Peer 1: 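One structure, as structure tokens, below. Some questions next.
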Amino acid sequence: MSAWRKSLVRPELGAICGTILVFSFFLIIARGTGMFAPQGILNWGVVSAQFAIIAVGACLLMIAGEFDLSVGSMIGFSGVVIALMSVTWGYPVWFAIIVAFAIAVAIGALNGYLVIKTGLPSFIVTLAFLYVLRGLTIYGSIATTRQTIIGGVSEVAAGDPIAWLFGGKILGFLFVWLADIGLIGKFVAGPRAGQPVIEGVPMLIVWALVLIAFAHILLTRTRFGNWIFASGGDAQAARYVGVPVNRVKILMFMFSAFCATVFATCQVMEFGSAAADRGLLKEFEAIISVVIGGALLTGGYGSVIGAALGALIFGVVQQGLFFAGVESSLFRVFLGVILLMAVILNTYIRRMITGER
Amino acid sequence: MSAWRKSLVRPELGAICGTILVFSFFLIIARGTGMFAPQGILNWGVVSAQFAIIAVGACLLMIAGEFDLSVGSMIGFSGVVIALMSVTWGYPVWFAIIVAFAIAVAIGALNGYLVIKTGLPSFIVTLAFLYVLRGLTIYGSIATTRQTIIGGVSEVAAGDPIAWLFGGKILGFLFVWLADIGLIGKFVAGPRAGQPVIEGVPMLIVWALVLIAFAHILLTRTRFGNWIFASGGDAQAARYVGVPVNRVKILMFMFSAFCATVFATCQVMEFGSAAADRGLLKEFEAIISVVIGGALLTGGYGSVIGAALGALIFGVVQQGLFFAGVESSLFRVFLGVILLMAVILNTYIRRMITGER
Amino acid sequence: EGERFVLVSHAPDSDSWWNTIKNAINVAGEQMGVTVEYRNPPTGDLADMARIIEQAAASSPDGIISTIADFDVLSGPLGNAVAMGIPVITINSGTEEQSKEIGALMHVGQPEKAAGFGAGEKAKAAGVTKFLCVNHYITNPASVERCQGYAEALGVELGNQMIDAGQDPAEIKSKVMAYLQTNPDTNGILTLGPTSAEPTIAALNENGQAGTIHFGTFDISSEIAAAIKSDVVAFAIDQQPFLQGYLPVVILTNLARYGVVPGNSINSGPGFVTKDNIELVEKHAGQYR
Amino acid sequence: MTKPLIELIDIQKHFGPVIALAGVSVSVLPGECHCLLGDNGAGKSTFIKTMSGVHKPTKGKILIDGEEVTFSSPRDAMEAGVATVYQDLAMIPLMSVTRNFWMGREPVRKFGPLQLFDFDRANAVTLEEMAKMGIRLRSPDQAVGTLSGGERQTVAIARAVYFGAKVLILDEPTSALGVRQTANVLATIDKVRKNGIGIVFITHNVRHAMAVGDRFTVLNRGRTLGTAKRGEIQPEELQDMMAGGQELAALEGSLGGTV
Amino acid sequence: MTKPLIELIDIQKHFGPVIALAGVSVSVLPGECHCLLGDNGAGKSTFIKTMSGVHKPTKGKILIDGEEVTFSSPRDAMEAGVATVYQDLAMIPLMSVTRNFWMGREPVRKFGPLQLFDFDRANAVTLEEMAKMGIRLRSPDQAVGTLSGGERQTVAIARAVYFGAKVLILDEPTSALGVRQTANVLATIDKVRKNGIGIVFITHNVRHAMAVGDRFTVLNRGRTLGTAKRGEIQPEELQDMMAGGQELAALEGSLGGTV
Ligand SMILES: Nc1ncnc2c1ncn2[C@@H]1O[C@H](COP(=O)(O)OP(=O)(O)OP(=O)(O)O)[C@@H](O)[C@H]1O
Ligand SMILES: Nc1ncnc2c1ncn2[C@@H]1O[C@H](COP(=O)(O)OP(=O)(O)OP(=O)(O)O)[C@@H](O)[C@H]1O
Ligand SMILES: [Mg+2]
Ligand SMILES: [Mg+2]
């Protein structure tokens, strides 16, 4: 294999090709629709960032040999915990957020503990939690507020020291400048007339980038990353050379729950409300992003960059079809077809890399 | 192991215990509520029969070593095919039903073919079909009728030679007689005053019983049943002794699609309409029933009777909570907990039987 | 000529009720010679809906028509669209006040709670004291509000009278029958749309209580129309979705072409469909009604 | 000389660039035990997989009773009377002994229009055949997973024997067995052979081979080093040919200097 | 006499009712190659798993440099200088050679507050160590799955050797190797031994054992048949003890009468 070929043949190759293809497609199809204007980019950027946040958690967990179907329910659960605590019970928002993270991570640990202790497939254990968490979320919000949506978080979050980390926007000055030199538009009416149409980069995107960078470095550049690969590749072999496999797996379940809670908190802070139905089917979307990104469903192989690209493809296709004016129900058809094609391509690439038969 | 113990320790033991437990529980909790009156029995009987129909398909498929996440989408798809063909395009209902079965079974075969040919996990392939089929269903019904609920099937189905097989009721005379001798009540008011409270046994229940009997005999008493076990237990070993593993697996995918279509057809015939969102998450419910019934997620082990009892537990718990007046959103929590406990118990029983470590 | 508008709903792909609105925007689009795109979050996730509004704004249309399914979630993106100089009309769920706060031109529709309240008032007049609200979409806030409004009009606690019915017709039917069997003193039923109404009608037919319980529903379908005619269903609350789709397109077109716009919000409903006016409704049920 | 039951002539098998077999000819006579020996990777497994229809040979002929045949699946080979017991893939632990025993050849009984698995007969035969092999089952319903590794191997052999194959291929049947069970297997091989069945016995263990073998073929990197009759060759020679004895001897010498 | 590196005294190990080890004592001296031989199921694997911290002995003592220790995990054993190469579970095919080589003992490099996997050093060392074992890697990023079975085993041995274990346990390292790679492994064992490391070498192959062994212990049904020094015992005796030779001889005799 030449150096050139070697640098090319990597787990995320399929996702890279996919990304190029998808962008070329939409550059042709949806050129004039504003999809690639600054605002349009921000739009699919935010959607992709959302997918990326949960995909990163699912990716490391999948490489460690497990997966988590309770991600979607966890998103609804964490959001409702924050809203209940801050709005209904009047605790400060920063406290509500910390408690939500603590509970979510503890549930992730419980997930992991059950998988390790009972030796059951994570499919079953986390499927049980998919139902339990969603049930608790609906029950909790109805029992306390007689509603499944709890609003008013924005008001109580104003001036909170942590809330900004999830709902804020940064680099605003940059967009003011860009608007001044005419590169992006300004609002022309309403109370915000004169301000640039893009207020700043939402913290959601920052979180996505930070999590991707963190997970990528963790996975590829640290000792712990090697343990993640080893735990998923062959848990027994890893144990024999002293890798603390159980700890690695439980930590990855916790990380997956952490990512789900980041997702939930950003959403609650941005929109000011939590609803019991948030995150429905997001577990599948996370798994799909990861698998499109070249990871192996059975563990031991994959790439965070690939998963992030998978999320990008997911986001761009979803929003791009809207821009292109395609009937939205066809999105699912596209998604299924992309998934199948990506997996077949990835299998081929993986065999080339690993000599698997 | 004594003969007594031996006759007891079987795959469905866990489900049997669960059934006894669940019934005892509701006999205590919901005794006075009419849950165990004839009408109440019919009530949870129908719900359980629905679960059982898809659980049977999922059970054989799971024993053959694969599973099918597209069951729920297939339910929506088949229903819409029938309604579109009969109501919108005016074909006779029997023809629409036959075409729906043919298409569904063909898609099942395609699922199986892709799994066999690409060697991909069935999780991924059928996840793709979950999205593709749901997308096609919604798109198809909107594109042709601008609606996602297509009604009016009852009118066109009147007098149809096949429709009755799915939507009819049998043994009506029995209930008239039972009402006459006073064993069951009669309507005292309303348009049907004087008729027995139970009109007959819905064909749905008949289908469930027939499918359970068929699958149970197929699995435990025939040569083909042995091939199903062998294909799921160790495909390679089975191939070496001449079991046509690929054919077995593809046939089981087709059977699973067949069961989904039975489910869909019964529903369309009973309610007179098909909706594109029917069957949402039914794949999980089928898998849960099967797993509660003692089958092994990875194949090669399980029991149709167990799966049927799993469906019964599912239906009784769901309806029982209503009879007992428990907050209905808690059902999901119960379900998750039952699933976990059942699987742990089943794992223990299985190890006892198979000497697995 | 050829203006482009985007209508964003909160309904999942599979929600049948919105077809009337889709038909309305087609009719209006043809009549006015404009294109109207219909967009919705595929799973009904309101956060996704916010993204779609942002995306619609980014494609700089000549106007946006949107629901206010959740003011908290949608006020931001809709406000931004207004600030970008895009005319916005809000429809369906949401209140006039919320619409004003966002800066929209007007609101065409009826608030959910008030609609539920209206249904409750009718029920109260008919002597309903204990009721069942069949919620097939428990995770959707609007549907909970309908039940809540109904309960308030009756002056009773909602409590366990709202059930989480799920979307499967057989399960809805069985749950309704189970509920009625254990709560035989129930004398009122509210369903929130065809998905829950049709199995409930089937349930009442089967347990012989058809016509003996005061039964109100939201929205209309051919099955519901038939049930109204046979006295099983007392009324269907029709917020006349056709108007919610049709009027905004016409208004936005006129605004774009001639700069004229009505000064006030428009109440498209509630219209109560009863046996008296069912004939006309039935003809267009599911299409224009 | 008796006519061979099966004759493989100049079999070649390539896996892409890998040449697993480069022209191997072997024949099996009725009632003989033909031992196939060879170092790891010599191609023994590939060769017997070709013989039993799992692989199609890239080149070469297979003759059964003198007539050329082509096997397109293991079933074909089984039907032609070639049965194989694979070392790892013989049994499915989750299934009962009876189900395993009859897997792929289930006896059926007519029940009206139905063709049912004839469990009465199947169980009876299984118990009987296992008893012949010296294994007393608690019950034919017992899962194979509850048997010891050796017992599992024995079930597999009993099965192949029972189905009256004309040629019985055993891929390292003794490598996972204890001494007593090995002795049982070897004794069984002897019994089977006396019924006129030809046996292909693959092993690493020269002692096991010498105990029952009539002819010995050594494979080396996909080629035969020739076939020898019993008595024509000494265990030591066989051991040397098989384990690359000369090279090892050289190694021993070189190390010997340093120890 | 030199002091043993590790001494296992009267080790017993029961799995429920199964007595896998019924009192085995073995010691390993610095610079010696101690061969552990035995029939299948004799308890060899169980014994070395006890030595390497995977199993806790039911009874018995483990002394390292004369002091009693208890291993509660493989990590403990590794840290005490006992490294093990398992036959099947040595390598993870999906991971690169470097990642496998360092698995569980990754070298880290400080990068600000971060502790990063030091790939430069890891790759360099891996390449070098593999070269020492006679394997030229295309690249240290190469997945282990692309190596031959023999090469994989060699990586595992190279790894254990590199980590400078005081005691190196090899569980049938040669059973999946061709002759040339076997010779390589044996030569490596010899090299390692000369650095004063004690080696426990488990094998079925008496020739391989004789080539490098200094002492030989034969296990049989969880018991030792005693330990012999090199030169005190002949290969034939060893073979007989190990493979239950007498029983086989008897069998051969009984069959001989019938052939
Ligand atoms: N499916 C395959 N694809 C590619 N190469 C293969 C395949 N099967 C076998 N080989 C190669 O063919 C050669 C012979 O392998 P084979 O398994 O037949 O040896 P063997 O004599 O049975 O060895 P052992 O004693 O280890 O069982 C080896 O080099 C092996 O790598
Ligand atoms: N985890 C376990 N649970 C129960 N019994 C076990 C376990 N591990 C090993 N045994 C039993 O202990 C005995 C010794 O097995 P062991 O694997 O140590 O033998 P061995 O000498 O390594 O054989 P081989 O040459 O086949 O590798 C066997 O009877 C085996 O069945
Ligand atoms: Mg082999
Ligand atoms: Mg061993």
Side-chain angles (χ1 to χ4, degrees), chain A residues 67 69-70 73 114 117-143 148 276 280-281 284-285 287-288 291-292 296-298 326-344 346-348 351 356-357, chain B residues 67 69-70 73 114 117-143 148 276 280-281 284-285 287-288 291-292 296-298 326-344 346-348 351 356-357:
Chain A
F67 58 68
L69 293 179
S70 68
S73 299
L114 284 175
K117 277 297 144 182
T118 59
L120 293 174
S122 46
F123 182 92
I124 305 246
V125 172
T126 58
L127 182 60
F129 273 85
L130 180 155
Y131 281 93
V132 170
L133 285 180
R134 184 68 72 192
L136 284 180
T137 307
I138 296 174
Y139 178 74
S141 67
I142 289 188
T148 52
L280 213 66
L281 291 182
F284 281 153
E285 295 173 1
I287 291 175
I288 291 175
V291 169
I292 290 181
L296 189 58
L297 199 66
T298 48
V326 176
E327 178 72 58
S328 70
S329 50
L330 282 180
F331 166 63
R332 290 193 174 85
V333 180
F334 272 78
L335 185 62
V337 173
I338 289 176
L339 173 62
L340 263 189
M341 290 190 327
V343 173
I344 291 172
N346 284 334
T347 308
Y348 179 76
R351 289 198 180 145
E356 197 191 327
R357 252 167 227 132
Chain B
F67 59 67
L69 293 178
S70 68
S73 298
L114 282 175
K117 275 297 143 182
T118 61
L120 292 174
S122 45
F123 182 91
I124 304 246
V125 172
T126 58
L127 181 61
F129 272 84
L130 180 156
Y131 281 94
V132 169
L133 284 180
R134 185 67 72 192
L136 283 180
T137 307
I138 295 173
Y139 179 75
S141 69
I142 289 184
T148 51
L280 212 64
L281 290 181
F284 281 153
E285 295 172 2
I287 291 175
I288 290 176
V291 169
I292 290 181
L296 188 59
L297 198 68
T298 47
V326 176
E327 177 68 61
S328 52
S329 50
L330 279 180
F331 166 62
R332 291 190 176 83
V333 180
F334 272 76
L335 184 63
V337 173
I338 290 177
L339 172 62
L340 263 189
M341 290 189 329
V343 172
I344 291 172
N346 284 335
T347 307
Y348 178 76
R351 290 200 180 146
E356 196 191 329
R357 252 169 228 131

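This is a predicted model, so every value here is computed, not measured.
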Peer 1: Could you report the tightest heavy-atom contact between B:G336 and A:A128, atom names first, then the distance?
Peer 2: O-CB, 3.4 Å
Peer 1: Could you check if a side-chain atom of B:L281 sits within less than 4.5 angstrom of a side-chain atom of A:L281, using non-hydrogen atoms only?
Peer 2: yes
Peer 1: Taking all non-hydrogen atoms of both residues, which atom of A:R332 and which atom of B:Y131 are closest, and how far apart?
Peer 2: CB-O, 3.2 Å
Peer 1: Got A:Y139 and B:V333 here, is their nearest side-chain heavy-atom distance under 4.5 Å?
Peer 2: no
Peer 1: Quick one: are A:L297 and B:F123 in side-chain contact, heavy atoms under 4.5 Å?
Peer 2: yes
Peer 1: Which of the residues B:T298, B:V291, B:I288, B:I344 is involved in the greatest number of heavy-atom pairs with chain A at under 4.5 angstrom?
Peer 2: B:I288
Peer 1: Identify which part of A:Y348 has an atom lying under 4.5 Å from any heavy atom of chain B, answering side chain, backbone, both or neither.
Peer 2: neither
Peer 1: For B:L120, is it the side chain, the backbone, both or neither that has a heavy atom under 4.5 Å from a heavy atom of chain A?
Peer 2: side chain
Peer 1: Under a 4.5 Å cutoff for heavy-atom pairs, which residue among A:G119, A:G135, A:A143, A:P121 has the most contacts with chain B?
Peer 2: A:G135
Peer 1: Find the distance between CZ (A:F284) and CG (B:L130) and round it off to the nearest 0.5 Å.
Peer 2: 6.0 Å
Peer 1: Tell me, for A:I124 versus chain B, whether the close heavy atoms (under 4.5 Å) come from the side chain, the backbone, both or neither.
Peer 2: both
Peer 1: Please report the interatomic distance CZ(B:R134) to CG(A:L335), rounded to the nearest 0.5 Å.
Peer 2: 14.0 Å
Peer 1: In terms of heavy-atom proximity below 4.5 Å to chain B, should A:F334 be classed as side chain, backbone, both, or neither?
Peer 2: neither
Peer 1: Of the options B:L127, B:L114, B:T118, which is the one that meets A:L340 in a side-chain contact (heavy atoms from CB on, under 4.5 Å)?
Peer 2: B:L114
Peer 1: Which bit of A:I338 comes within less than 4.5 Å of chain B, counting heavy atoms only: side chain, backbone, both or neither?
Peer 2: neither
